[in-house]
Amino acid sequence: MTLTRSPVVRAGEQPTFAPRIPRWPRTARAGGIVLTAALFAAGGWQRRWIADDGLTVLRTVRNLLAGNGPVFNAGERVEVNTSTAWTYLIWFFGWLTQARLEYVALFLALTLSVAAILFAMLGSARLWGGRGLQLLLPAGALVYIAIPAARDYATSGLESSLVICWLAVLWWWLIRWSQTGTVRAASLFGLTCWAGLAPLIRPEMTLLGTPALLMLWCAPLPRTRLRPWAFHALLGTAGGLLPVGYQIWRMGYYGLPYPNTAVAKDASAAKWGQGCDYLWNLIGPYWLWVPLLALAVAALATARGRIELSMAARPSTGAKPAVRVRRWLRTPSAVVALMIAGGLLLTVYEVRVGGDFMHARMLLPQLFCLLLPVMVFPLPRRADSILLTVSVALAATAGWILFAAGTTAIDTPNGITATGIADERRYYVLTTGHAHPILAEDYLDYPRMRGMLRVLAANPDGGLLINSPSYTNWHLIPPPRPTATHTVYYMNLGMISMNMPLRVRVLDPMGLAYPLAAHTFRFPGARIGHDKNLDADWAVVDAAVTDKNPAMPRFIDEGWVSRIHTAISCPRTRDLLEATRSPLTPARFARNLRMSLIYARYRIDRVPENEIQRCGLPDPPVTPR
């Protein structure tokens with residue numbers, strides 16, 4: 001570093017010397033950030049695809065564009081998509097561009113994924129003093145993109161990219177807020193509004209969004225002409241207007257306090273054993289603890305000399321404890337603590353609910369959150385023990401990156417483990433025969449899809465289409481009178497619904513789009529995400545098709561169907577179904593709003609005899625089975 005005279009010397013003043021900061025550290029830093037983002041974009045594009053669940057999201061968008069409302073089946077108010085914000089983002093850009101929705105979802109997801117890496121690295125650069133001489137290396141960012149699943153879900157049509165982008169912007173914005181001397185009220189309101197979007201991004205993100213809002217609420221306020229109580233009221237309005245307003249609308253419109261997917265998967269129940277299996281399915285194959293431990297040691301060693309993360313950052317001890325805490329809340333160390341604690345809390349939540357059946361998908365945001373403080377990492381200038389520790393940690397991380405980038409976590413022939421966790425992208429590549437299954441038509445090469453279309457085309461008078469228990473043959477049960485209205489009852493919602501006109505009703509036995517199945521009890525020990533399975537007999541009764549032999553296939557029992565007719569007449573069950581099917585009048589909206597918590601807890605028994613007994617209904621005549 002060289003010194004140069006200041007160009008301006010006033011009369012009577014001594015000449016001052018200012019350091020000339022070489023450009024190479026800044027250039028290297030910017031180049032590292034851009035190169036890492038480019039690597040993630042290339043990796044995501046190389047593994048581009050749209051998942052079956054991603055196509056499920058697009059069915060709701062199609063109904064929105066058609067004027068049917070945010071529903072999966074026209075005339076039935078069911079919230080099938082977990083991320084509200086993701087649904088409306090695709091809807092907006094689909095309306096704006098008039099492009100195919102699969103391409104809209106693909107490019108929007110990839111753009112958000114790359115933006116997430118950029119904002120995460122910029123926030124980390126600010127944390128470690130991004131304007132100094134030190135070289136910042138993209139450590140945590142490369143750890144994240146080295147995991148193949150992270151590149152898989154850079155596209156996929158699911159909300160994963162939106163979640164990490166929200167986390168990254170929140171991180172960058174909070175670090176900027178904590179380091180800025182004078183905070184403008186408009187910037188603070190914008191940050192509060194962004195943190196308040198948490199439940200609309202994904203419901204469980206509330207576990208991070210709520211503490212962030214509390215931090216902004218309790219930290220020292222900027223200087224304004226408003227009284228503190230008025231400013232706090234405006235701050236609360238900025239953070240709560242959208243999520244609270246949508247929550248009221250959701251409860252009145254759908255009759256539930258959260259998406260129907262949470263009911264179908266019993267998100268409030270505990271499945272610790274399966275959750276631990278899911279966590280190890282991410283940590284074990286990649287040896288993920290190696291980079292996490294190495295970067296944690298390097299960060300702790302470096303932070304000892306950093307004002308932002310040291311005791312020197314704390315205010316003077318002369319102030320009252322409450323004042324000291326409030327002042328600490330607006331420091332980078334508090335932001336780091338928030339993100340790490342939030343990542344750990346979200347991990348515990350995901351383990352508790354049993355994880356997911358898609359490899360790594362539901363733990364990628366948690367990993368991203370934990371890596372935020374070390375997305376870029378400073379290389380110490382002085383040759384001391386800290387430099388040695390950091391160098392060893394970064395070398396270990398670099399070696400791990402080379403190992404993990406080419407690791408296949410699930411190497412079974414079909415990409416599914418014995419516990420039911422699947423490499424979802426690999427599974428659909430194998431079963432469709434397409435290297436990049438993106439369009440709905442690509443999934444017509446999935447087993448049984450073309451046969452389904454042939455059966456529907458051969459029966460224009462309508463009816464209920466179901467598959468045999470062995471998943472080999474399609475059976476169409478005709479209606480009592482021709483209606484030209486078809487209902488398909490099968491588990492692959494996305495590929496079926498996106499290859500069907502909107503007039504075809506598509507339901508699933510797991511309950512994602514079918515409230516009757518969603519409100520059944522889970523099978524203990526079944527595959528996570530697939531642990532509800534309502535017999536097609538119930539769909540026969542609910543669809544009001546012919547329920548007498550020989551119109552029904554042999555595996556549908558007439559006596560069983562007869563008892564389901566009685567069981568489904570339970571007044572509370574009928575009320576539950578009317579919450580989504582009856583016209584949305586002001587009275588219906590008010591009742592849904594009042595009953596939504598009760599509806600969410602309501603469960604039916606899939607065995608009609610048990611359900612008849614539970615509801616206290618009269619026993620139907622016994623028919624031989």
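One is the number of the first residue; the rest follow in order along the sequence. For the numbers below, each heavy atom of this structure counts, side chains included, while hydrogens, waters and symmetry mates do not.
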- Query: Using 30° and 60° as the class limits, which term best fits the ring planes of Trp249 and Tyr254: parallel, tilted or perpendicular?
  - Reply: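 Aromatic pair Trp249/Tyr254 classed perpendicular.
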- Can you say whether the rings of Tyr103 and Phe107 are parallel (under 30°), tilted (30 to 60°) or perpendicular (over 60°)? tilted
Mind checking whether [X] and [Y] have side chains closer than 4.5 Å, heavy atoms only?
X: Thr485; Y: Arg505; result: no
X: Leu476; Y: His486; result: yes
X: Tyr153; Y: Glu424; result: yes
X: Arg574; Y: Ile568; result: yes
X: Lys265; Y: Leu512; result: yes
X: Met500; Y: Leu453; result: yes
X: Thr192; Y: Leu213; result: yes
X: Pro509; Y: Tyr514; result: no

Could you verify whether a donor N or O on one side chain and an acceptor N or O on the other, from [X] and [Y], lie under 3.5 Å apart?
X: Thr573; Y: Tyr602; answer: yes
X: Asn73; Y: Arg59; answer: yes
X: Asn81; Y: Thr87; answer: yes

Between [X] (side chain only) and [Y] (backbone N and O only), is there a donor and an acceptor less than 3.5 Å apart?
X: Arg77; Y: Tyr253; value: yes
X: Ser582; Y: Ala579; value: no
X: Thr210; Y: Leu207; value: no
X: Arg426; Y: Ile410; value: yes
X: Asp542; Y: Trp538; value: no
X: Trp91; Y: Thr60; value: no
X: Asn63; Y: Gly69; value: no
X: Glu350; Y: Leu363; value: no
X: Ser156; Y: Ile50; value: no
X: Arg151; Y: Ala146; value: yes

Closest heavy-atom contact between [X] and [Y]?
X: Pro257; Y: Ser596; result: CD-O, 3.5 Å
X: Val80; Y: Thr261; result: O-CG2, 2.8 Å
X: Asn260; Y: Pro515; result: OD1-CA, 4.4 Å
X: Thr417; Y: Asn281; result: CG2-ND2, 4.1 Å
X: Val104; Y: Gly94; result: CG1-N, 3.9 Å
X: Cys193; Y: Leu242; result: SG-CD1, 4.4 Å

- Enumerate the residue pairs fulfilling salt bridge (charged side-chain N to carboxylate O under 4.0 Å, His left out) with a member in residues 484-497, sequence neighbours excluded, ordered by first and then second residue. none
- Query: Got a sec, which pairs hit salt bridge (charged side-chain N to carboxylate O under 4.0 Å, His left out) with one end in residues 433-443, sequence neighbours left out?
  - Reply: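 Qualifying pairs: Arg100-Glu441.
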- Going through the distances and angles, do Leu456 and Val488 end up as a side chain to side chain contact (heavy atoms under 4.5 Å, CB included)? CA-CA 9 Å; Leu456 288 177; Val488 180; 4.2 Å; yes
- Apply the test side chain to side chain contact (heavy atoms under 4.5 Å, CB included) to residues Lys271 and Ile528: give CA-CA distance (whole Å), side-chain angles for both, the deciding distance (0.1 Å), then the verdict. CA-CA 9 Å; Lys271 281 195 169 184; Ile528 190 69; 3.9 Å; yes
Taking atom [atom1] of [X] as the centre, report whether more than 12 heavy atoms of other residues, nucleotides or ligands fall under 6.0 Å from it.
X: Trp95; atom1: CH2; result: no
X: Phe523; atom1: CZ; result: yes
X: Gln46; atom1: CD; result: no

- Item | Stepwise side chain to side chain contact (heavy atoms under 4.5 Å, CB included) test for Leu444 and Met495 | CA-CA 8 Å; Leu444 291 178; Met495 64 180 73; over 6 Å; no
How far does [atom1] of [X] sit from [atom2] of [Y], to the nearest 0.5 angstrom?
X: Thr82; Y: Asp53; atom1: OG1; atom2: CG; answer: 9.0 Å
X: Asp508; Y: Met491; atom1: CG; atom2: CE; answer: 10.5 Å
X: Met362; Y: Leu282; atom1: CE; atom2: CG; answer: 12.5 Å
X: Thr155; Y: Arg425; atom1: OG1; atom2: CZ; answer: 8.0 Å
X: Leu256; Y: Arg601; atom1: CG; atom2: CZ; answer: 11.5 Å
X: Asp423; Y: Thr412; atom1: CG; atom2: OG1; answer: 8.5 Å

- Message: Pair Phe189, Leu235 - check side chain to side chain contact (heavy atoms under 4.5 Å, CB included), show working.
- Response: CA-CA 6 Å; Phe189 285 134; Leu235 208 61; 3.6 Å; yes
Under-4.0 Å salt bridge between [X] and [Y]:
X: Arg603; Y: Glu611; result: no
X: Asp266; Y: Lys532; result: yes
X: Arg450; Y: Asp445; result: yes
X: Arg202; Y: Glu159; result: yes

- Task: If a pair satisfies ring-ring contact (aromatic ring centres under 6.0 Å, His included) and one of its residues is in residues 46-86, list it, with sequence neighbours excluded.
- Result: none
- Pairing residues for Arg591 by the side chain to side chain donor-acceptor pair (under 3.5 Å) criterion, not counting sequence neighbours: Asp575
Only distances under 3.5 Å count here; give the side-chain donor-acceptor pairs of residues 161-172 to other protein atoms, sequence neighbours excluded, each with its distance to 0.1 Å.
residue, atom, partner, partner atom, Å
Ser161, OG, Ala109, O, 3.4
Trp166, NE1, Trp194, O, 2.8
Trp171, NE1, Ala120, O, 3.3

- Item | Contacts of His359 that satisfy ring pair (Phe, Tyr, Trp, His ring centres under 6.0 Å) - sequence neighbours left out |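 So His359 forms a ring pair (Phe, Tyr, Trp, His ring centres under 6.0 Å) with Tyr286.
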